[in-house]
There are 2 protein chains.
Amino acid sequence: MQEQSDDDKEKPLAKRALTTQKRRKEIVEAAAACFITQGFHQTSIRDIAKRAGISLGNLYNHFSSKTDLIAEIAVLESDDQTVVNDILSEDGKVQDILARFIAVHFDELSKPENAVLAAEITSEAMRNPQIAEPFLENRAQLVARLASVLISPDLNYPEDTTEMAELILTLVQSTAARAAFQPGRKQKATLGALQSSVCRLVGLSD
Amino acid sequence: MQEQSDDDKEKPLAKRALTTQKRRKEIVEAAAACFITQGFHQTSIRDIAKRAGISLGNLYNHFSSKTDLIAEIAVLESDDQTVVNDILSEDGKVQDILARFIAVHFDELSKPENAVLAAEITSEAMRNPQIAEPFLENRAQLVARLASVLISPDLNYPEDTTEMAELILTLVQSTAARAAFQPGRKQKATLGALQSSVCRLVGLSD
DNA sequence: ATTGAGTGAACGATCGTTCATTCAATATAT
DNA sequence: ATATATTGAATGAACGATCGTTCACTCAAT
């Protein structure tokens with residue numbers, strides 16, 4: 001994997017920058033793991049450094065403060081919603097799109113790690129504007145997409161679609177969080193109830 | 001207010017025990033206030049003592065540890081659900097009971113202080129069994145009551161009422177939490193959407 | 001020669017908790 | 001009723017641990 005071309009000046013991503021990028025990612029993943037098991041404010045910088053396998057001082061070469069790290073995690077977690085956002089943008093019958101959206105979003109958020117991290121972020125966002133901003137921005141985007149799906153077909157739906165989209169999103173996310181600590185078998189039943197509930201809300205047959 | 005009866009021995013609640021009880025309550029209220037603005041783990045014992053207007057050492061005469069205080073707050077907050085529990089036990093038409101339940105529960109949980117504290121407790125309960133236990137117990141009780149309301153009338157409802165009760169409770173609580181940070185005017189619209197949504201879920205006309 | 005990742009000691013602040021002590025309220029003995 | 005002993009609320013200093021952050025320094029990559 002040796003490359004020595006003449007115009008390498010435009011690609012200064014040498015060994016140095018590459019490992020730096022990798023190291024940064026390792027730190028973020030270690031931090032996320034710590035935050036999930038211990039929570040934001042019960043996790044120390046030393047915990048994260050130890051888990052990432054680096055020294056205490058070196059962590060500060062990649063992140064200037066603990067707050068910055070928390071913010072980064074919050075942003076990355078919110079960005080994971082890109083997948084479900086894409087589903088809502090696909091073509092197809094409304095009931096199919098909704099069903100897929102609910103199933104995928106539910107599956108993701110009912111994983112205990114994600115549920116715990118989401119709860120931590122939610123709690124933190126209520127107090128820390130730096131966390132609330134990306135959190136609310138991503139949510140607004142998701143609501144807008146979902147609302148557009150609710151308009152598109154000819155479901156007789158004269159009401160405020162944005163309000164309904166907010167309500168449905170809230171329902172899906174919080175139901176998934178609740179299901180995260182149920183046994184796997186009951187989870188399927190909860191997902192089923194959720195699916196038919198949303199259908200009922202938007203005026204579709206189950 | 002002097003009372004000197006013969007059988008006063010059975011009522012040894014003298015000045016001492018009374019002020020102790022009062023002081024304990026003051027500490028709990030101070031702690032709750034601190035937890036709301038700073039969160040559990042960003043609040044120090046010194047913060048609480050200062051807010052309660054007592055010394056650091058004296059706080060330990062009333063609570064043996066910070067964890068105990070957090071647990072006490074969590075229990076008291078969950079016990080506030082007694083009001084809505086009573087509403088569900090009243091007699092009357094199902095739609096009226098449901099509407100009252102939703103309105104009262106929503107109003108309570110959409111107060112920012114309560115929303116913040118609830119989020120804090122939820123997050124903590126996922127990690128701390130001492131918090132999760134009373135939290136889940138009270139919730140189960142509320143779900144049971146709500147489920148019994150869903151059975152009682154002759155709404156054609158062959159499905160699992162407990163699952164539906166869980167879903168409705170989740171919807172009401174999380175919608176209220178979301179509304180807590182909306183302007184007051186939008187809150188009313190959200191409550192309206194919530195009311196009609198629940199009606200639709202249980203098969204009632206709006 | 002310069003840069004920046006990497007290290008661990010060190011710093012000052014703050015944490016939860018314990019401690020010795022004071023003092024008013026209560027219980028007991030006279 | 002008076003004197004005495006005991007209790008427990010109240011205080012703030014003190015302790016050891018841990019916190020987030022900084023620092024001087026090494027060394028490989030540029």
Query raised in the report: Would Ile168(B) and Val202(B) count as a side-chain contact (heavy atoms from CB on, under 4.5 Å) if you check the C-alpha gap in whole Å, the side-chain angles of each, and the deciding distance to 0.1 Å?
Result: CA-CA 9 Å; Ile168(B) 290 176; Val202(B) 300; 3.7 Å; yes
Report task. For Asn85(A) and Asn138(A), run side-chain contact (heavy atoms from CB on, under 4.5 Å): C-alpha distance rounded to whole Å, both residues' side-chain angles, the deciding distance at 0.1 Å, then the answer. Result -> CA-CA 10 Å; Asn85(A) 209 317; Asn138(A) 278 14; over 6 Å; no
Requested in this report: Decide yes or no on side-chain contact (heavy atoms from CB on, under 4.5 Å) for Asp80(A) and Asn114(A), but give the supporting numbers first.
Outcome: CA-CA 10 Å; Asp80(A) 281 350; Asn114(A) 290 337; 5.6 Å; no
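Side-chain N or O atoms of Thr190(B) include one that pairs as donor or acceptor with a backbone N or O of Lys186(B) at under 3.5 Å. Within the 3.5 Å criterion, the main-chain N or O of Ile36(A) finds no donor-acceptor partner in the side chain of Glu120(A).
Within a heavy-atom distance below 4.0 Å of DNA chain D, the residues of residues 60-76 of chain A found are Tyr60(A), Ser65(A), Lys66(A). DNA chain C lies under 4.0 Å from at least one heavy atom of each of the following residues of residues 42-50 of chain B: Thr43(B), Ser44(B), Ile45(B), Arg46(B).
Within 6.0 Å of CD on Glu113(B) lie more than 12 heavy atoms contributed by other residues, nucleotides or ligands. Counting non-hydrogen atoms of neighbouring residues, nucleotides and ligands closer than 6.0 angstrom, the CD atom of Gln42(A) exceeds 12 such neighbours.
The separation between His41(B) atom NE2 and dC19(D) atom C1' is 15 Å, rounded to whole Å. A straight line from CD1 of Ile54(B) to P of dT11(D) spans 7 Å, rounded to a whole angstrom. Per the geometry, CG belonging to Leu56(A) stands 15 Å off P belonging to dC11(C), to the nearest Å. Taking atom CZ of residue Phe40(B) and atom P of nucleotide dC15(C), one finds them 17 Å apart after rounding to whole Å. Across the protein-nucleic acid pair, Glu26(A) atom CD and dA5(C) atom P stand 14 Å apart, rounded to whole Å. Atom P of nucleotide dG4(C) and atom CD of Gln21(A) are separated by 16 Å, given to the nearest angstrom.
Listed by chain and residue number, Glu108(B) satisfy the salt bridge (charged side-chain N to carboxylate O under 4.0 Å, His left out) test with Lys111(B) (two or more places apart in sequence, or in another chain). Take His105(A) and apply the ring pair (Phe, Tyr, Trp, His ring centres under 6.0 Å) test, not counting sequence neighbours, and it matches Phe101(A).
Nearest to the side-chain atoms of Ser55(B) among the listed nucleotides dA10(C), dT11(D), dA14(D) stands dT11(D).
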Under 3.5 Å, which donor-acceptor pairs do the side chains of residues 48-63 of chain A form with other protein atoms, sequence neighbours left out?
unit_1, atom_1, unit_2, atom_2, d
Ser55(A), OG, Asn58(A), N, 3.2
Asn58(A), OD1, Asn61(A), ND2, 3.2

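When side chains are defined from C-beta on, Glu72(B) does not count as touching Asp68(B), because their heavy atoms never get closer than 4.5 Å.
Under 4.0 angstrom from either OP1 or OP2 of dG6(C) there lies at least one side-chain N or O belonging to Arg23(A). At the phosphate of dT11(D), OP1 or OP2 sits under 4.0 Å from a side-chain N or O atom of Asn58(B).
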Polar-atom pairs under 3.5 Å, protein N or O versus N or O of nucleotides 25-28 of chain D: list them with distances, or write none.
none

